[in-house]
Every structure is written in C-alpha cells, then in structure tokens.
Amino acid sequence: MTTSSAATPSAASGPLSGLLVADFSRILAGPYATMLLADLGAEVVKVESPAGDDTRTWMPPVHDEVSTYYLGVNRNKRSVALDLKDDADLAAARELARRADIMVENFKPGGLRRFALDYEAVSASNPGIVYASISGFGSGGGASLPGYDLIVQAMSGLMSLTGDADGSPYRAGISVFDVMAGLHASIGILAALHHRAATGQGQHVEVNLLSTALSGMVNHSSAYVAAGVVPLRMGNAHPSLFPYEPLPAADGDLIVAAGNDGQFRKLCEVLGLPELVDDLRFARTRDRTANREALRPLLVERLGRRSKMEWFHELTAAGVPCGPINTVDEGVAFAESLGLDPVVRPGEGDRAVPSVRNPITFSLTEPSYRLPPPALDEHGAEIRAWLTEPERPGRQDT
C-alpha cells in the first residue's frame, strides 16, 4: 500500500520516506517511537487533544518557555489538535487513520474503541495498517492498570536491583522502560512493515512496559527463570564480574570493567601488580567474583595514587575498559570530542531547537532533522484541509 501525505515544508528522505504515521500517542514511549520513525523519513502527524500532550506542561527545565521533556521526543512531527468528542474532529481522526500506513497509540487498552479508532475498526477500512498499541501491562488481565514507568520499575523487580545493598530501592535515572518500550514498538512496526511488503497484510503490534521490563532485565530475569536465583541490590557491583564497578582514584571514582582474564592481566600490569595474575584466588572470572572483597582493596590502593583521568588514559591505551563518571554535560562534551556530533538543530533560524542526534547511522539513507517539535495545533489547518481533499492517484489499498 502506498500513501500520499500532505505537503511538507521540506521533502523527507530516509529509508522510511513515503510512509505516513498517525501518532495518537503521548508522554514518552509512543512519541519516542514515532520520533525515531520520523527521523528515518516517515511523515508523522501528531494528534493531540485540545489541551495538548501532557509533557508540554512538564517543566522546568525549559527552552524558550517550552518544556525540554516535550522537545526531547517530538521533532520531525506536525501537530493537529483534535477533540475526539467533536463530530468533525472525530471524522478527521478516522480519515487520518484510514490513510495512514502506521498508527501508534498508548491509550488504555480498549480506550479508542468507543471512537471507532481501535485496531478492528481502523483495519476494516484500512486493511494494510500497521497498528501499534503501547500499554503498561498488556490488553489482558492488566488492561485496567495505569502504565506509569515508575510503577513498572517497582512491580517488575527493577527497583529491587537498584541501590545500595543495605539501602532503599531506587528508580533508574530515566524512564527506562518507557524508552525501551518505544524501541520495541519501533522494532515491531518495522517487522510488520516487512511482512506487509511480502504479503500485503497489515497487523496489530502490541508492546507493554512490564514485558519490556522483564526482557530488559536480561541476566537478572534469566537468573530467576533459568536458575531459580532471585538477584538483589548490590549497589554498583556486578553479580557475575569483578572488577566491574566504580573504584576510587585519587580525585574521584573510575569505572573499571575488566570483564575477562586478558583484561584483568592488562589491568594488573598497568597498576604494577603482576603477582595478582598468578594468585589462585583471582585466576579466573569466577574466582575474582568470589574473592572480590580480598581483591578490591589491592586495586584501590594502587588506583588511589593517581588521578582518575591519568588512569583512564593509561588503562585505555593498554586495552582495559574504564571511564570516569561524568555529568550529562560532560557526557555530551565527550561525545563531541570523539566526533560523534551528538547535537543537531532541527528547524531554521529562531525556530531551530537543539536536540540529541538519532543514534543510528546509515551508509546511504541517513536520518534527517527537518522540523522542530511543533507547537500545539501548529499544522492543524493544513492537515484538516488535506484530510477533506480526495487522495492523490497512486494509492493502492490491500
């Protein structure tokens, strides 16, 4: 199925150019997924209520009086405000869904059914639609539960893993499962598009935060389901590796991640502790893990003789993975020093908004940064007018 979209201020390019996304999502997981699709060339129409996406009000911090939270996940989109309780607006929403290649929503499961914007209703008039739903706990027994990332971090077990061993549980510093669910939704959408290209069939893609969490806890969830071991908080330590944590240098902590025997040997050589390599307590990974309390003070004593950056440069040169604990600004600066160009500026002139670059690179079809995050209903008149016009020749419903 090919879909022609409304005229855009600048032509989209990229591997997903020519695809139209009806974005009925808000907050983080859905908007992050649709921004990634937009970066890769898809035309994304962000449908908002007249009150706007909640994250427009989540401030501080702000950039030109706009929430940086909202700005972080909404570039390359155009906004139309539609009140689904209004007949004309609901008709426009249904027409957008009928024309779209992809629809993304994160209402409570079943929440769009009363507007005939659920998968069954939309696919009846648009059988090739790839319809992605993101929820907190799935569309079965957990359908009525509110899907907030913090709640999922708690209920999945992640918070039981985060924090000092004798301290309180902590949430991750970001809404980690919202972001991961957005990534999973994008993967699911791309897989469904591939299936549609081969068969002509659209389908319903469902992602929920709890399943995302259990998958994303990888070795910890595997420890339980495969071995019956319930992992608990260890601060910054790793249950299966040592050294693989912050260790104090003269002026602050340095992450040292000697994850195998060869890296441990190189670490000992740089620190001037070659005898540790032949110590049977530290000979193998499992030995170092079991005897971490004996090994740690030996490493700390040597690391404390020099600064963390001195050790960083020397250890890195020797092939030992390590790094200082940066603040966010230092992390951006480090990426810049590596030539990764982490900051892009979608938009032109005063409308340009600094944003973090899409992390994917392509040899032929690079991501593009065409539009700054839209103001509420910024493109409403244009989109409404387009939805009342006949579609351009060339669309083939399947």
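No experiment lies behind these values; they were computed from the predicted model shown. FYI, the numbering just counts along the sequence from 1.
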**Item:** Heavy-atom neighbours of Asp251 CG exceed 12 at 6.0 Å
**Value:** yes
**Request:** Evaluate the side-chain proximity of Phe137 to Ile151: yes if any heavy-atom separation is below 4.5 Å, no if none is.
**Result:** yes
**Request:** Look only at the side chain of Arg302 and the backbone of Gly272, and say whether a donor-acceptor pair between them is shorter than 3.5 Å.
**Result:** yes
**Prompt:** Are any of the side-chain heavy atoms of Val80 and Trp386 separated by less than 4.5 Å?
**Reply:** no
**Prompt:** Can you tell me if Ser221 uses its side chain to pair, donor with acceptor, with the backbone of Leu214 under 3.5 Å?
**Reply:** yes
**Glu95/Arg99 under salt bridge (Lys or Arg N to Asp or Glu O under 4.0 Å): CA gap, chis, key distance, verdict** = CA-CA 6 Å; Glu95 178 63 12; Arg99 297 189 183 195; 2.6 Å; yes
**Complete:** Looking only at heavy atoms, the pair that brings Val230 and Tyr224 closest together is CG2-CD1, 4.0 Å
**Item:** Backbone of Glu105 reached by a side-chain donor or acceptor of Ser25 within 3.5 Å
**Value:** no
**Prompt:** Got a second to check how far Asp23's CG is from Asn74's CG, nearest 0.5 Å?
**Reply:** 7.5 Å
**Asked** Taking side chain as C-beta onward, heavy atoms only, is Gln153 less than 4.5 Å from Asp149?
**Response** yes
**Item:** Asp86 side chain vs Asp89 backbone, donor-acceptor pair below 3.5 Å
**Value:** yes
**Request:** Please round to the nearest 0.5 Å and tell me the distance separating atom NE2 of His220 and atom OG of Ser156.
**Result:** 11.5 Å
**Note, Leu254 side chain near Leu315 side chain (heavy atom, < 4.5 Å)** = yes
**Asked** Side chain of Asn76, backbone of Ser368: donor and acceptor closer than 3.5 Å?
**Response** yes
**Asked** Do Leu40 and Val179 belong together in a cluster built from hydrophobic side chains that touch within less than 4.5 Å?
**Response** no
**Prompt:** Quick check: does any side chain N or O of Arg233 sit under 3.5 Å from a backbone N or O of Tyr170, one acting as donor and the other as acceptor?
**Reply:** no
**Asked** Do Leu16 and Leu190 come within less than 4.5 Å of each other through their side chains, counting heavy atoms only?
**Response** yes
**Message:** Assess, by modelled atom type and distance only, whether the side chains of Ser133 and Glu206 contain a donor and an acceptor separated by less than 3.5 Å.
**Reply:** no
**Asked** When rounded to the nearest 0.5 angstrom, what is the spacing between OG in Ser125 and CZ in Arg94?
**Response** 10.0 Å
**Asked** So Gln201 and His195, side-chain contact (heavy atoms from CB on, under 4.5 Å) or not? Walk me through it.
**Response** CA-CA 7 Å; Gln201 298 174 318; His195 175 79; 3.0 Å; yes
**Message:** Could you check whether any side-chain heavy atom of Leu19 comes within less than 4.5 Å of a side-chain heavy atom of Leu193, counting everything from C-beta outward?
**Reply:** yes
**Request:** Applying side-chain contact (heavy atoms from CB on, under 4.5 Å) between Leu371 and each of Arg351, Arg75, Arg78, Lys77, report the one that passes.
**Result:** Arg78
**Message:** Quick check for you: to the nearest 0.5 Å, what is the distance between Asp178 atom CG and Leu183 atom CG?
**Reply:** 11.0 Å
**Request:** For Thr289 and Tyr244, run side-chain contact (heavy atoms from CB on, under 4.5 Å): C-alpha distance rounded to whole Å, both residues' side-chain angles, the deciding distance at 0.1 Å, then the answer.
**Result:** CA-CA 10 Å; Thr289 300; Tyr244 196 93; over 6 Å; no
**Request:** Run the numbers on Leu84 and Leu117 for side-chain contact (heavy atoms from CB on, under 4.5 Å), then give the verdict.
**Result:** CA-CA 10 Å; Leu84 299 184; Leu117 286 169; 4.1 Å; yes
**Asked** Got a sec, which residues hit salt bridge (Lys or Arg N to Asp or Glu O under 4.0 Å) with Arg357, two or more places apart in sequence or on another chain?
**Response** none
**Request:** State whether the side chain of Asn126 and the backbone N or O of Arg98 hold a donor-acceptor pair below 3.5 Å, judged by distance alone.
**Result:** yes
**Prompt:** Of all heavy-atom pairs between Leu376 and Ser49, which one has the smallest distance, and what is that distance?
**Reply:** CD1-O, 3.8 Å
**Message:** Test side-chain contact (heavy atoms from CB on, under 4.5 Å) on Leu210 and Leu145; report intermediate values, then the result.
**Reply:** CA-CA 11 Å; Leu210 181 58; Leu145 298 175; over 6 Å; no
**Prompt:** Would you say Leu241 and Leu247 are hydrophobically clustered, going by side-chain heavy atoms of ILVMFWY under 4.5 Å?
**Reply:** no
**Message:** If hydrophobic clusters are built from ILVMFWY residues whose side chains come within less than 4.5 Å, do Tyr131 and Phe24 share one?
**Reply:** yes
**Heavy atoms of other groups near Glu348 CD, more than 12 under 6.0 Å** = no
**Message:** Determine whether a donor-acceptor pair (N or O, by modelled atom type, separation under 3.5 Å) exists between the side chain of Tyr32 and the backbone of Met180.
**Reply:** no
**Prompt:** Just wondering, more than 12 heavy atoms not from Met155 lying within 6.0 Å of its CE?
**Reply:** no
**Asked** At what distance, to the nearest 0.5 angstrom, does CD of Glu120 lie from NE2 of His204?
**Response** 7.5 Å
**Message:** If you count every heavy atom of other residues, nucleotides or ligands that lies below 6.0 Å from Tyr148 atom OH, does the total exceed 12?
**Reply:** no
**Request:** Return yes if some donor-acceptor pair links the side-chain N/O of Asp83 with the main-chain N/O of Lys85 below 3.5 Å, else return no.
**Result:** yes
**Message:** If hydrophobic clusters are built by linking Ile, Leu, Val, Met, Phe, Trp and Tyr wherever their side-chain heavy atoms come under 4.5 Å apart, do Val44 and Ile360 end up in the same one?
**Reply:** yes
**Item:** Name of the residue among Arg288, Arg284, Arg286, Lys266 meeting salt bridge (Lys or Arg N to Asp or Glu O under 4.0 Å) with Asp261
**Value:** Arg288
**Message:** Less than 3.5 Å apart, any donor N or O on the side chain of Glu245 or His238 sitting next to an acceptor on the other?
**Reply:** no
**Taking every non-hydrogen atom, the tightest pair across Pro372 and Pro346** = CB-O, 3.8 Å
**Complete:** In terms of heavy-atom contacts, Val320 and Leu267 come closest through CG2-N, 3.6 Å
**Item:** Within 6.0 Å of CG in Asn260, more than 12 heavy atoms from elsewhere
**Value:** yes
**Message:** Taking Tyr369 as the starting point, is it possible to reach Val343 by hopping between hydrophobic residues whose side chains are less than 4.5 Å apart?
**Reply:** no
**Request:** Quick one: closest heavy-atom pair of Cys322 and Phe312, and the distance?
**Result:** O-CE1, 3.5 Å
**Request:** Flag yes if more than 12 heavy atoms outside Asp350 fall under 6.0 Å of its CG atom; otherwise flag no.
**Result:** no
**Message:** Can you confirm whether Tyr69 sits close enough to Leu28 that some side-chain heavy atom of one is under 4.5 Å from a side-chain heavy atom of the other?
**Reply:** yes
**Complete:** In terms of heavy-atom contacts, Ala318 and Val270 come closest through CB-CG2, 3.5 Å
**Asked** Do you know which of Lys46, Arg56, Arg384 makes salt bridge (Lys or Arg N to Asp or Glu O under 4.0 Å) with Asp377?
**Response** Arg384
**Item:** From CZ (Phe107) to OG (Ser135), nearest 0.5 Å
**Value:** 13.5 Å
**Asked** Ignoring hydrogens and geometry, is there a side-chain-to-backbone donor-acceptor pair from Ser67 to Thr55 under 3.5 Å?
**Response** yes
**Asked** Any side-chain heavy-atom pair from Leu299 and Val256 closer than 4.5 angstrom?
**Response** no
